[in-house]
Amino acid sequence: MNKLIGKPFFFRITALVLTILIISLIFTTIIYTVASEEIFISYQTERLKEETDMLASLIPNEWTTKDLLEQFFDKVFQVESTILSSYVVISDKINVEMYSYVPSSQRAGIVIDKDAMDRFYKQNLSQYFKRVLSGQYISLENKNNEFDKEMIILMRPILSDTGSVEAVLTVCKFVEDYSIQLENINKTLIIAMFAVFLLMLYPVYMLSKSITKPLFEIKDVAIAMGKGDFSVRANENYPAEIGQLSTTMNLLSSELDSTINHLKRETNVLQGVLNSMNEGILVIDKHFNPIIINPATGKLFNTDIKSSDKLNIIPKEEIWKDFEKCIETNMSVDNTYNFDEIMIQCIINPVIVNNEIVGAMGIFSDITKEVRLEQTRREYVANVSHELKTPLTGVMGLIEPLKDGLVTDNDKINRYYELISNEVMRLNRLINDLLVLSRLQSSNEAFSMEKVNLTEIINDIVERYLFYNKDQIFNIKCNIPKEPVFILGNGDRIDQILTILVNNALKFGKDDVDIALCIEISLTKENNKYIVSVADNGKGISKDDLPYIFERFFKTDKSRSKGGSGLGLSIAKETLLRMNEKIWVESVESVGSVFKFTLSDYLI
């Protein structure tokens, strides 16, 4: 049975139909064989009775001589009749044989002739003679006889024209004769059934093919659907249930196609969202196998997200312990880790489906910028507070003696006022610098970009510092073309930037007063950009301070003894950024520093 189930459907349906056909033929044969014998014998017996009655009625009244009877029966036996194979006896009223007919036969080695039948007649049938003479019809079956054969016996009266009984007609028939006929009929039936079986092979084949062909087509559609091809359609023109099944399959294919396309769109949108996120996303199951992971995760941890090893995806064991804790406790876990000099915030939440934890989802955010901004904010507040507190403390320290009348000398009083004025002016400059820097960083202040004579601005700067700083030992010179150089920018802002750079060179130049400080302003051109350089031979900037030189309130002089707010370079940088330019510094400690910034050439 298992082997049959494993066969193709066409083979199975054909085998099923043929099996049903064979079983039906076998049952028909068995039922016919069992029931037909009794029915056939009963039918033949009734037929024999009818022929016997007809024969009795046809015997002519002129039957008185044996010759006349023989002539009559010779004509009768020319007609096909069951009587031909029967024993026929006609006796007169005194039971004297007038005529007898015995077909020659041999049964199971026993010869049955006229003498044997006459003897059987006298021994077994004479007792019924008087009853037939009285007008009765005798029909009986005899099994106990010298032939050991079952016999059908019919005895009928022969009537005259007046209705009186003139003689007795006796017909004896062996049942075995009917069995032989039935056996021949059964053989013929079996042969006919076998022929019918052979003839039905082709119709069964065609029937099986007509049943399986649409099913194979539907199977092909299902296979194509399983492979993701929803364009294949089944033939809906088949009748009845097959056509309905094809229609249903096509409808299912269309619905699946629509649903899968919708899911693909949603998946693509979700994948697009995940791919565009700066935060890393990792969803795992209970066994720590990744289910969803976006590229940002690999970028944050600088790993291969396609790896099957969890430590190759996130190479920090503490994070995986947080995942394990989240799954075990069904609680969110929020931690921050330092990984390769960046701060990563890890928020892990359990994934619950049907009130059951199936995994966990981790969100990883690079909060380095936020941490640094917060640190910068705190430092900014501290620096602003310090810078504001220093002049205010000086002012309060000078006002209190004056208020208490402790200073009475006019010269000292004027000196105190002068110091107070200087501290107030310092405080004012600090506040102005803060406002300028704030406006620059908030991008609220608009610059007017125009044609500017850069040569003129540099020359003015040099002359100004030479005039106002005659007492200081320093040398300032410029190395620029004699012909005018025009750039696109804002003249006031460029003058401000150069002033800041020259001031810093003067303030933080050499500590050794015996050596003259040299400041050089030079101008070079690269492509469509001019590079302005402000170089000095001062003490330079240490490597540790170089990355922070343009930050607010940063000073290389940690003691802050040389004044200044620490905002100049920040203002210069923000100003140049607003003009789409850049500034940088090159410095060697104890040798000097070179500040450079770019300006765009004015193109007509």
Side-chain angles (χ1 to χ4, degrees), residues 221-232 249 251-377:
V221 173
I223 291 174
M225 290 169 58
K227 294 180 179 179
D229 183 5
F230 298 98
S231 62
V232 181
M249 184 64 70
L251 180 61
L252 176 62
S253 178
S254 299
E255 292 294 330
L256 281 176
D257 189 20
S258 176
T259 301
I260 290 177
N261 286 334
H262 181 69
L263 289 176
K264 284 182 178 179
R265 287 193 296 270
E266 289 187 348
T267 301
N268 291 336
V269 170
L270 177 60
Q271 192 63 45
V273 171
L274 291 175
N275 292 342
S276 63
M277 291 179 64
N278 293 325
E279 292 81 6
I281 301 293
L282 174 61
V283 181
I284 63 170
D285 59 17
K286 284 185 175 182
H287 305 290
F288 299 93
N289 297 316
I291 300 175
I292 299 175
I293 184 170
N294 68 339
T297 303
K299 291 179 181 178
L300 280 175
F301 295 98
N302 194 23
T303 56
D304 181 12
I305 61 175
K306 296 181 180 179
S307 175
S308 57
D309 187 359
K310 64 179 184 179
L311 289 177
N312 287 338
I313 299 174
I314 299 179
K316 202 166 185 67
E317 186 65 32
E318 292 83 352
I319 296 178
W320 291 107
K321 289 181 180 179
D322 286 346
F323 272 105
E324 183 178 358
K325 180 180 178 181
C326 174
I327 294 174
E328 289 178 353
T329 62
N330 192 18
M331 296 178 64
S332 298
V333 178
D334 187 349
N335 278 323
T336 301
Y337 296 98
N338 191 344
F339 183 81
D340 288 347
E341 298 182 355
I342 63 174
M343 301 298 294
I344 299 179
Q345 183 183 30
C346 304
I347 301 175
I348 303 174
N349 295 305
V351 177
I352 301 175
V353 177
N354 296 329
N355 297 324
E356 181 181 357
I357 298 178
V358 297
M361 179 179 70
I363 302 176
F364 309 101
S365 304
D366 182 0
I367 59 172
T368 306
K369 186 177 180 180
E370 287 78 1
V371 171
R372 289 178 179 173
L373 285 175
E374 178 62 23
Q375 182 178 356
T376 302
R377 185 190 65 82

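For clarity, every value in this text was computed on a predicted model and none was experimentally measured.
Taking the side-chain contact (heavy atoms from CB on, under 4.5 Å) definition, one finds that Asp285 meets it with His287, Asn289, Ile291, sequence neighbours left out. Residues that satisfy the side chain to side chain donor-acceptor pair (under 3.5 Å) test with Ser253, not counting sequence neighbours, are Arg233. Legend: residues meeting side-chain contact (heavy atoms from CB on, under 4.5 Å) with Glu356, ordered by chain and number and at least two apart, are Lys286. Residues satisfying the ring pair (Phe, Tyr, Trp, His ring centres under 6.0 Å) test with Phe339, not counting sequence neighbours, are Phe301. Legend: residues meeting side chain to side chain donor-acceptor pair (under 3.5 Å) with Asp366, ordered by chain and number and at least two apart, are Thr368. Partners of Ser332 according to the side-chain contact (heavy atoms from CB on, under 4.5 Å) rule, which considers only residues two or more places apart in sequence or in another chain, are Asn349, Pro350.
Considering all non-hydrogen atoms of both residues, Leu300 and Gly280 come closest at CD1-N, 3.8 Å. The heavy-atom pair separating Pro295 from Ile305 by the smallest distance is CA-CD1, 4.1 Å. Across Val283 and Met361, no two heavy atoms sit closer than the pair CG2-CG, 3.6 Å. In terms of heavy atoms, Ser365 sits closest to Glu279 at OG-CG, 3.1 Å. Minimum interatomic distance between Ile367 and Thr336 (heavy atoms only, all atoms of both residues): CD1-CG2, 3.8 Å. When all heavy atoms of Pro290 and Leu282 are compared, the closest pair comes out as CB-CD1, 4.1 Å.
Put simply, CG on Asn302 and OG1 on Thr297 are 13.0 Å apart, with the number rounded to the nearest 0.5 Å. The distance from atom CD of Glu328 to atom CD1 of Ile357, rounded to the nearest 0.5 Å, is 10.0 Å. Of the inter-residue distances, the one linking Asn275 atom CG with Asn268 atom CG reads 10.0 Å to the nearest 0.5 angstrom. Note: Thr303 OG1 to Ile313 CD1 = 7.0 Å, rounded to the nearest 0.5 Å. Atom-to-atom distance recorded for Asn335:CG and Gln345:CD is 9.5 Å, nearest 0.5 angstrom. Put simply, NZ on Lys264 and CG on Asn261 are 6.0 Å apart, with the number rounded to the nearest 0.5 Å.
Without hydrogens or angle criteria, Ser258 side chain to Glu255 main chain gives no donor-acceptor distance under 3.5 Å. Checked by atom type and distance alone, the side chain of Asn294 pairs as donor or acceptor with a backbone atom of Ile281 at under 3.5 Å. Remark: the backbone N or O of Lys325 is paired with a side-chain donor or acceptor of Thr329 at under 3.5 angstrom.
At a threshold of 4.5 Å between non-hydrogen side-chain atoms, the residues Tyr337 and Met343 do not count as touching. Using a 4.5 Å cut-off on side-chain heavy atoms (C-beta onward), Asp334 and Ile347 make contact. Taking the side chain as every heavy atom from C-beta outward, Leu256 and Leu252 approach each other to under 4.5 Å. Looking at Ile342 and Ile344, their side chains come closer than 4.5 Å, going by heavy atoms from C-beta outward. Considering only heavy atoms from C-beta on, Asn330 comes within 4.5 Å of Ile352 through its side chain. Side-chain contact between Val358 and Val351 is present, with at least one heavy-atom pair separated by less than 4.5 Å. Side-chain contact between Phe364 and Ile314: present, with at least one pair of heavy atoms (C-beta onward) separated by less than 4.5 Å.
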